[in-house]
Amino acid sequence: MEFSAQQIASYLHGEIVGDAQATVHTFAKIEEGVPGALTFLANPKYTPYLYETQASIVLVNKDFVPEHPVKPTLIKVDNAYDCLARLLTLYEQSKPKKTGIDPLAFIAPTARVGKDVWIAPFAYVGENAVVGDRTVVHPHATIGDGARVGEDCTLYAGVTIYHDCRVGNRCVLHAGSVVGADGFGFAPTPQGYEKIPQIGIAILEDDVEIGANTCVDRATMGATIVHRGVKLDNLVQIAHNDEIGSNTVMAAQVGVAGSTKVGEWCMFGGQVGIAGHIHIGDRVVFGAQSGVPSSVKSDQRLIGAPPMEEKPFFKSQAIFRKLPDMYFELNALRKELNELKKQLNK
């Protein structure tokens, strides 16, 4: 499909600078722009590419003023990044969608499947499971007995939803992700570790997205809950009986130990580790590789292990790099001090 700058600007309520009849049929990064492509400029670091790109249309923020002549048509908007996301969503929604149940899929006789779904070959829907309207289930995805998946969801290849777990509406589960595997519960005995049955469930509320090979474990009792709007990157571990607050985001390889409550609108960088049985407040930001051993109050930006405020952390890191030199200097001063003591004692 092809769209003109005028059509795009009207949809985004933007201002055109250049040829209103310029057309695009694809998207590209600004440094890889080609004729017929739409791109965007939101990060000032990429500004030099604007004067070199071959893209036909570039979304920019309203306060952007070019320092040199620009070849592409510019569309000035309130937030270029957000507007690009809206266009990408529109583009994705315009793609033709498959519907129906492939003969090679298995649907249990007691399962309930909604309207306009697509269930691909080798997908499995268990006894008394529910699949909502317009949901897409890709090959080798498994929806266990008694599990429920809401409307307008996408389950990519190899997704596993264990028995009795629940997934809300408009959720996206990427390849290999697992909802409802047993929590890591074992009781030590003289003979070894005895498994503690995990009889709870896992719940994903509406508009949750979890990345490839991410795991949300079922609760020992009750429920592990991932609240509305949460976004989890690839390889994230949410342990049994955790509760993740609405609109919290976690980057790759974050691990949250069991029975921890995380507040709303938190942001965790890659490889953050959270101890179990603690509480993280709302709007807390942890920098990458932070290790969090105890509870944290709301509205803090922390980094490190144990975490501290950003400015002291970076000052500490600057000092840490100088520790070898400081160590040798300290030894030299100690020797000088000992020599002075000897002379004074004489």
Side-chain angles (χ1 to χ4, degrees), residues 174 176-188 193 195-196 198 200 202-204 208-220 222-227 229-327:
H174 287 277
S177 57
V178 179
V179 176
D182 280 359
F184 193 66
F186 298 90
Y193 290 91
K195 183 176 177 64
I196 300 171
Q198 307 290 291
I203 299 172
L204 307 186
V208 169
E209 181 161 348
I210 66 175
N213 297 316
T214 283
C215 298
V216 179
D217 288 349
R218 71 192 312 113
T220 306
T224 302
I225 305 175
V226 178
H227 285 289
V230 168
K231 313 299 181 188
L232 306 179
D233 199 358
N234 303 332
L235 296 166
V236 170
Q237 164 68 18
I238 305 299
H240 56 183
N241 291 97
D242 283 344
E243 185 174 352
I244 310 301
S246 300
N247 300 303
T248 283
V249 293
M250 299 183 184
Q253 298 182 345
V254 166
V256 184
S259 299
T260 284
K261 295 186 183 297
V262 176
E264 299 180 351
W265 293 100
C266 293
M267 300 177 68
F268 295 176
Q271 297 185 331
V272 167
I274 310 292
H277 303 274
I278 65 174
H279 183 271
I280 307 299
D282 298 335
R283 299 172 298 279
V284 172
V285 178
F286 288 123
Q289 296 189 324
S290 295
V292 185
S294 57
S295 296
V296 174
K297 295 180 180 179
S298 298
D299 299 300
Q300 298 195 65
R301 298 178 64 90
L302 306 172
I303 188 170
M308 63 178 75
E309 293 182 2
E310 289 177 317
K311 190 174 287 186
F313 172 81
F314 289 117
K315 285 182 177 179
S316 299
Q317 290 300 301
I319 294 171
F320 184 78
R321 287 194 294 268
K322 297 176 182 178
L323 281 178
D325 293 337
M326 293 168 68
Y327 172 77

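Just the heavy atoms: all of them, side chains too, but no hydrogens, waters or symmetry mates, feed the values below.
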Visitor: Looking only at heavy atoms, what is the nearest atom pair of G258 and A239, with distance?
Guide: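 So the two residues come closest at N-CB, 3.5 Å.
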
Visitor: Just how far is it from atom OG of S290 to atom CD1 of I303, taken to the nearest 0.5 Å?
Guide: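 Result: 5.0 Å between the selected atoms.
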
Visitor: Could you check if a side-chain atom of D282 sits within less than 4.5 angstrom of a side-chain atom of W265, using non-hydrogen atoms only?
Guide: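 Heavy-atom side-chain distance check fails, nothing below 4.5 Å.
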
Visitor: How many angstroms lie between CZ in F320 and CZ in F314, if you round to the nearest 0.5 Å?
Guide: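 CZ of F314 is found 15.0 Å from CZ of F320.
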
Visitor: Hey, does L232 have a side-chain heavy atom less than 4.5 Å from the side chain of V230?
Guide: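 The answer is yes; the side chains approach within 4.5 Å.
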
Visitor: With heavy-atom distances below 4.5 Å as the criterion, would you say the side chains of Q198 and I196 are in contact?
Guide: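 Side chain of Q198 against side chain of I196, heavy atoms only: contact under 4.5 Å found.
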
Visitor: Please check if atom CD in Q317 has more than 12 non-hydrogen atoms from other residues, nucleotides or ligands closer than 6.0 Å.
Guide: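 Atom CD in Q317 is crowded, with more than 12 foreign heavy atoms closer than 6.0 Å.
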
Visitor: If you count heavy atoms of other groups shown closer than 6.0 angstrom to CZ of F313, is the number above 12?
Guide: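 Yes, enclosed.
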
Visitor: Could you check whether atom CE of M267 has more than 12 heavy atoms from other residues, nucleotides or ligands sitting under 6.0 Å from it?
Guide: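 No, because the 6.0 Å sphere around CE of M267 holds 12 heavy atoms or fewer from other groups.
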
Visitor: What heavy-atom pair brings E264 and T248 nearest, and what distance separates the two atoms?
Guide: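 Scanning both residues, the minimum pair turns out to be C-OG1, 3.7 Å.
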
Visitor: Taking R283 for its side chain and D299 for its backbone only, find out whether a donor-acceptor pair lies under 3.5 Å.
Guide: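 No, the answer is negative, given that no donor and acceptor are paired below the 3.5 Å cut-off.
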
Visitor: Where do E209 and K231 land on the salt bridge (charged side-chain N to carboxylate O under 4.0 Å, His left out) test, with the steps shown first?
Guide: CA-CA 5 Å; E209 181 161 348; K231 313 299 181 188; 5.1 Å; no

Visitor: With a 4.5 Å cut-off on side-chain heavy atoms, are I280 and F286 touching?
Guide: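 Result yes, sub-4.5 Å side-chain heavy-atom pair found.
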
Visitor: Using every non-hydrogen atom in the two residues, find where K195 and F186 come nearest and quote the distance to one decimal.
Guide: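 K195 and F186 have their closest heavy atoms at CA-CD2, 3.7 Å.
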
Visitor: Minimum heavy-atom separation for G291 to P307, with atom names?
Guide: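 Heavy atoms of G291 and P307 come nearest at O-CD, 2.9 Å.
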
Visitor: Would a distance-only check, ignoring hydrogens and angles, find a side-chain to backbone donor-acceptor pair under 3.5 Å from T224 to V216?
Guide: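 Flag not set: sc T224 to bb V216 has no pair under 3.5 Å.
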
Visitor: Say you draw a straight line from CD of Q300 to SG of C266; how long is it, rounded to the nearest 0.5 Å?
Guide: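 Going from the CD atom of Q300 to the SG atom of C266 covers 10.5 Å.
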
Visitor: Report the distance from atom CD of Q289 to atom CD of Q271, rounding to the nearest 0.5 Å.
Guide: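 Between Q289 CD and Q271 CD, I get 4.5 Å after rounding to 0.5 Å.
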
Visitor: Check whether any side-chain heavy atom of I244 lies under 4.5 Å from a side-chain heavy atom of M250, and answer yes or no.
Guide: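 The answer is yes, as the side chains (C-beta and beyond) meet within the 4.5 Å cut-off.
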
Visitor: Do you know which two heavy atoms are closest between H279 and S295, and how far apart they sit?
Guide: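 For H279 and S295, the tightest heavy-atom pair comes out as N-OG, 3.0 Å.
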
Visitor: How close do G180 and R218 get, heavy atom to heavy atom, and via which atoms?
Guide: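 Result for this residue pair: O-NH1, 2.7 Å.
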
Visitor: Assess the residue pair E243 and H227 against the criterion (side-chain contact (heavy atoms from CB on, under 4.5 Å)); give the C-alpha distance rounded to whole Å, side-chain angles, the decisive distance to 0.1 Å, and a yes or no.
Guide: CA-CA 8 Å; E243 185 174 352; H227 285 289; 2.8 Å; yes

Visitor: Answer whether the closest heavy-atom distance between the side chains of L302 and V296 falls below 4.5 Å.
Guide: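 Yes; the side chains approach each other to less than 4.5 Å.
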
Visitor: Is the backbone N or O of I210 less than 3.5 Å from a side-chain atom of S177, with the two atoms forming a donor-acceptor pair by type?
Guide: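 Side chain of S177 to backbone of I210: no pair is present.
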
Visitor: Could you check if a side-chain atom of F268 sits within less than 4.5 angstrom of a side-chain atom of I274, using non-hydrogen atoms only?
Guide: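 A side-chain contact under 4.5 Å exists here.
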
Visitor: To the nearest 0.5 angstrom, please state how far the CD1 atom of I225 sits from the CG atom of N241.
Guide: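 Separation between the atoms: 9.5 Å.
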
Visitor: Measure the spacing between OG1 of T260 and NE2 of H277 and express it to the nearest 0.5 Å.
Guide: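 If I round to the nearest 0.5 Å, the distance is 7.0 Å.
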
Visitor: Might you work through the side-chain contact (heavy atoms from CB on, under 4.5 Å) test for D217 and I238, ending with a clear yes or no?
Guide: CA-CA 6 Å; D217 288 349; I238 305 299; over 6 Å; no

Visitor: Do the non-hydrogen side-chain atoms of I319 and M326 ever get within less than 4.5 Å of each other?
Guide: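 Yes, close enough: below the 4.5 Å cut-off.
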
Visitor: Short question: side chain of D233, backbone of A252 - any donor-acceptor pair under 3.5 Å?
Guide: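 Present.
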
